[in-house]
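Bear in mind the structure is a predicted one, so any value in this text is a computation, not a measurement. In what follows, residues are counted from 1 in the order of the sequence shown.
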Amino acid sequence: MSELSETVAKLLEKIRQQKPLLHHITNFVVMNDTANVTLALGALPVMAHAKEEVAEMVGIAGALVLNPGTLTPEWVNSMIVAGKRANEIGIPIILDPVGAGATRLRTESNLRLLSELRIAVLRGNPGEVGTLAGLGGKVKGVESVEELRDPLQVACGLASKFKTTVAITGKRDIISDGKRAIAVDNGHIMLKTITGTGCMATTVIAAFVAVENDHLIATAAGLACFGLAAELAAAEAKGPGSFKTALFDSLYNLSTEQIMAGARVQFL
């Protein structure tokens, strides 16, 4: 039983009590799944992309998720409008740089978001984060195909450069705000058998950031809960289809006792 695990459990309960609204400007591939993950956690989702309404919508949200997974220049412009309004009124922004490194448009769009907005949390796979750090991370489509040599150093460096919290997710999740770092060892290989689990992890982080101002702790808590839910789901699943259903059920039913017994989260 660790102090961090107890904090994770308390923050999950806080989400269920406060039910923060998460404004998503996200991709078509997993839009429905990220909405359902939001509900399973106890938060509320809204997907709003039109430039004409995003500033108004983010004004009533607890967090803003930017996910250019099926990006167009028009969507990026909507993200900038929503993001600037979020910065004005103190709404945290969580950026998922889907496919950064796969094409020039994706890389440049994500770097633009990082340079023009104050991003609270950047969560990506090793290839995406390596690309944004200027290390030439290898990405095939939206999947990372190479691990970073020193993810802790990369996370710390990129967090300091953009004054944000960086989470590099994989077998071991590494999170840093540039000064502190946390590792999360929860998760399961079955997460790779269904699409959009990275996007779902970003949404889970957003729910925690909406209720906790320490973004390092909030990000670690979100990844610990999502990874633990995946472990519990995998124990019940017979394949990818039943795993996806069980993942939603595990998030919905995740208890303090399960977190205290199963969360593997520690400061580095």
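Using a 4.5 Å heavy-atom cutoff, the side chains of Met31 and Thr70 are not in contact. Within the 4.5 Å cutoff, the side chain of Glu74 has no heavy atoms near those of the His49 side chain. Using a 4.5 Å heavy-atom cutoff, the side chains of Asn67 and Thr203 are not in contact. Taking the side chain as every heavy atom from C-beta outward, Thr34 and Pro45 never approach each other to under 4.5 Å. With contacts defined as side-chain heavy-atom distances shorter than 4.5 Å, the pair Met79/Leu71 does not qualify. When side chains are defined from C-beta on, Gln258 does not count as touching Asn253, because their heavy atoms never get closer than 4.5 Å. In this structure, Leu44 and Leu22 have side chains that are not in contact, with every pair of non-hydrogen atoms separated by 4.5 Å or more. Taking the side chain as every heavy atom from C-beta outward, Arg104 and Thr107 never approach each other to under 4.5 Å.
In this structure, Ser109 contributes its side chain and Arg106 its backbone to no donor-acceptor pair below 3.5 Å. Using modelled atom types, no side-chain atom of Thr193 and backbone atom of Pro240 make a donor-acceptor pair closer than 3.5 Å. The main-chain N or O of Ala237 is never found under 3.5 Å from a side-chain atom of Ser242 such that the two would form a donor-acceptor pair. Panel note: side chain Asn186, backbone Gly262; a donor-acceptor pair is recorded below 3.5 Å. Using a distance-only test at 3.5 Å, with no hydrogens or angles considered, no donor-acceptor pair links the side chain of Thr165 to the main chain of Asp177. Within the 3.5 Å criterion, the main-chain N or O of Arg172 finds no donor-acceptor partner in the side chain of Asp185. No donor-acceptor distance shorter than 3.5 angstrom exists from the side chain of Arg118 to the backbone of Gly83, with no hydrogens or angles considered.
Not a single ring pair (Phe, Tyr, Trp, His ring centres under 6.0 Å) links His188 to another residue, sequence neighbours left out.
Linking ILVMFWY residues whenever their side-chain heavy atoms come closer than 4.5 Å, directly or via other members, places Phe243 and Val204 in the same cluster. One hydrophobic cluster, built from ILVMFWY side chains closer than 4.5 Å, cannot hold both Ile60 and Val54; they sit in different ones. Phe248 and Leu191 fall within a single hydrophobic cluster, where Ile, Leu, Val, Met, Phe, Trp and Tyr are joined by side-chain heavy atoms under 4.5 Å apart, directly or via other members. When hydrophobic clusters are built by joining Ile, Leu, Val, Met, Phe, Trp and Tyr residues whose side-chain heavy atoms come closer than 4.5 Å, directly or via intermediates, Met200 is grouped together with Val8. Connection of Ile189 to Leu247 is not established within any shared hydrophobic cluster, with ILVMFWY side chains joined at heavy-atom distances below 4.5 Å, either directly or through further cluster members.
The nearest pair of heavy atoms linking Pro97 to Arg123 is CD-O, 3.0 Å. Counting all heavy atoms, side chain and backbone alike, Ala133 lies closest to Val154 at CB-CG1, 4.0 Å. The two residues Arg16 and Leu41 make their nearest non-hydrogen contact at CG-O, 3.4 Å. Gly62 and Pro92 make their closest contact through O-CD, 3.4 Å (heavy atoms, listed as atom of the first residue, atom of the second, distance). The minimum heavy-atom distance linking Thr164 with Val121 is given by the pair OG1-N, 3.6 Å. Residue Ala206 comes nearest to Ala63 through the heavy atom pair O-CB, 3.7 Å, listed as atom of the first residue, atom of the second, then distance.
In Glu56, the CD atom is not crowded: 12 or fewer heavy atoms of neighbouring residues, nucleotides or ligands sit closer than 6.0 Å.
Atom NZ in Lys163 sits 12.0 Å away from atom CG in Leu158 (nearest 0.5 Å). A distance of 5.0 Å separates CG in Leu95 from CD1 in Ile119, rounded to the nearest 0.5 Å. One distance of note links CG of Leu11 with CD1 of Ile259; it measures 9.5 Å at 0.5 Å rounding. Here the CG-CD1 distance, from Leu117 to Ile93, works out to 5.0 Å after rounding to the nearest 0.5 Å. To the nearest 0.5 Å, atom CG of residue Leu232 and atom CD of residue Glu236 are 8.5 Å apart. A distance of 9.5 Å separates CG in Asn110 from CG in Leu66, rounded to the nearest 0.5 Å.
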Glu88 vs Arg85, salt bridge (charged side-chain N to carboxylate O under 4.0 Å, His left out): CA-CA, chis, key distance, verdict
CA-CA 5 Å; Glu88 286 175 359; Arg85 179 57 181 157; 3.0 Å; yes
For Glu212 and Thr7, what are the C-alpha separation, side-chain angles and deciding distance, and is it a side chain to side chain contact (heavy atoms under 4.5 Å, CB included)?
CA-CA 10 Å; Glu212 172 55 52; Thr7 300; 5.9 Å; no
Can you list, pair by pair, the side-chain donor-acceptor contacts under 3.5 Å of residues 216-230, counting residues two or more places apart and other chains?
unit_1, atom_1, unit_2, atom_2, d
Thr219, OG1, His215, O, 2.7

